[in-house]
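Only one structure is covered here, and it is reproduced in the block below.
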Amino acid sequence: MKKICSICLVVLVLGMISGCATKYPEVDTVYIQKNGTVQEATVESFDKSYYKEEELEDFINAHIEEYEGTYEKGSVVLKDFLVEEGTAKMMMKYDGYQNYIDFNGRELFAGTVVQAIAAGYNFSGDFLAVEDGQTVGNAVSDTEGAADSAAVTGAVDGSTVTSDEDCKVVIINEDTDVVVKGTIRYVSAGSVTVKDKSTASVKTVNGGVSYIIYK
């Protein structure tokens with residue numbers, strides 16, 4: 001409900017994915033498409049006694065109109081919105097990751113490893129290799145959720161994960177699932193859990209970014 005409340009009260013947050021009668025995921029999910037577009041599904045509990053479905057949808061559309069006053073029209077699209085069984089679901093499409101940043105005010109990068117380095121990302125921290133949809137090694141977190149470097153087994157460093165210039169990367173600093181069009185090769189240790197070959201779950205650590213490298 002946190003994201004949905006912030007839209008209603010501050011008209012600032014939202015969600016995404018595409019298509020009518022699309023099957024929603026169970027949790028918030030960011031989808032990185034091959035053509036560079038970004039889709040986001042937001043799934044949150046909804047209190048009808050406090051908010052009306054129509055009012056919430058109007059808030060979202062008003063925010064899009066406000067955004068289009070500054071940025072390119074059609075670069076952010078509400079694809080679907082519904083409330084069912086006490087859950088609000090929103091599906092949005094962004095022309096690119098910069099539109100996602102500008103609209104939501106949250107950090108995201110989606111591109112090649114080379115482009116990420118050029119953009120100033122240093123691929124710091126420990127990484128875990130991924131094989132057949134599972135990480136090789138593990139990271140033990142301390143009581144505050146930060147990965148203890150000494151407790152990371154099987155870790156590799158940034159020079160290893162950036163050695164293949166054909167790889168792509170998603171860099172993000174929010175709690176969400178991420179789905180890529182490819183096979184995940186490496187992930188940040190301690191903040192990213194691999195769910196399958198193309199899906200990872202991110203839990204931010206001390207506000208830092210998480211990396212998902214894939215090919």
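Hydrogens, waters and symmetry mates play no part in the numbers below; they use all other heavy atoms, side chains included. The shown structure was predicted, so the numbers you read here are calculated from the model rather than taken from an experiment.
Residue-environment remark: CD (Q134) stays at or below the threshold of 12 foreign heavy atoms within 6.0 Å. Counted within 6.0 Å of CG on D132, heavy atoms from surrounding residues, nucleotides or ligands total 12 or fewer; the atom is thus considered open. Under a cut-off of 6.0 angstrom, the local environment of NZ in K181 is sparse, with at most 12 non-hydrogen atoms contributed by other residues, nucleotides or ligands.
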| Verdict with reasoning, T160 to F127, per side-chain contact (heavy atoms from CB on, under 4.5 Å) | CA-CA 9 Å; T160 300; F127 295 84; over 6 Å; no
| query | I212 and V202: side-chain contact (heavy atoms from CB on, under 4.5 Å), yes or no, with the steps? | reply | CA-CA 9 Å; I212 300 167; V202 178; 4.1 Å; yes
| request: With side-chain contact (heavy atoms from CB on, under 4.5 Å) as the test, would you mind laying out the steps for V130 and V187 before giving the verdict? | output: CA-CA 7 Å; V130 180; V187 296; 4.2 Å; yes
| said: Pair I64, F103 - check side-chain contact (heavy atoms from CB on, under 4.5 Å), show working. | reply: CA-CA 8 Å; I64 292 175; F103 188 77; 3.9 Å; yes
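The line from CG of D80 to CD of E57 is 8.5 Å long, rounded to the nearest 0.5 Å. Between the NZ atom in K215 and the OG1 atom in T183 there is a gap of 10.5 Å [rounded to 0.5 Å]. Summarising the geometry, atom OH belonging to Y24 is positioned 9.0 Å from atom CE belonging to M90; distances are rounded to the nearest 0.5 Å. Note: I213 CD1 to S188 OG = 6.5 Å, rounded to the nearest 0.5 Å. In this structure, the separation between OG1 on T42 and CE on M91 is 10.0 Å, given to the nearest 0.5 Å. Interatomic distance, L108 CG to I32 CD1, rounded to the nearest 0.5 Å: 5.0 Å.
Using modelled atom types, one side-chain atom of D28 and one backbone atom of V43 make a donor-acceptor pair closer than 3.5 Å. Although no hydrogens or angles enter the test, the distance criterion places no donor-acceptor pair under 3.5 Å between the side chain of N173 and the main chain of R106. In this structure, N122 contributes its side chain and S124 its backbone to a donor-acceptor pair below 3.5 Å. Looking only at distances, a side-chain donor or acceptor of N99 sits under 3.5 Å from a matching main-chain atom of G96.
With Y97 as the fixed residue, the side chain to side chain contact (heavy atoms under 4.5 Å, CB included) test singles out one of D102, V38, T37: V38. In summary, of the residues considered (Y94, Y67, Y71), a ring pair (Phe, Tyr, Trp, His ring centres under 6.0 Å) with Y100 occurs for Y94 alone.
Relative orientation of the F109 and Y121 rings is tilted, given thresholds of 30° and 60° on the angle between their planes.
You'll find the side chain of D164 reaches within 4.5 Å of the side chain of R185, heavy atoms only.
Among all heavy-atom pairs drawn from S198 and I184, the shortest one is C-CD1, 3.7 Å. Residues S201 and D177 share a closest heavy-atom pair of OG-OD1, 3.0 Å. Closest heavy-atom contact between F81 and E53: CE2-CG, 3.4 Å. When every heavy atom of G154 is checked against every heavy atom of L128, the shortest pair comes out as O-CD2, 4.0 Å. Taking all atoms of both residues into account, the shortest heavy-atom contact from V194 to G133 is CG1-O, 3.3 Å. Closest non-hydrogen pair, S191 versus V205, comes out as CB-CG2, 3.7 Å.
Between F123 and Y211, the ring centre distance stays below 6.0 Å.
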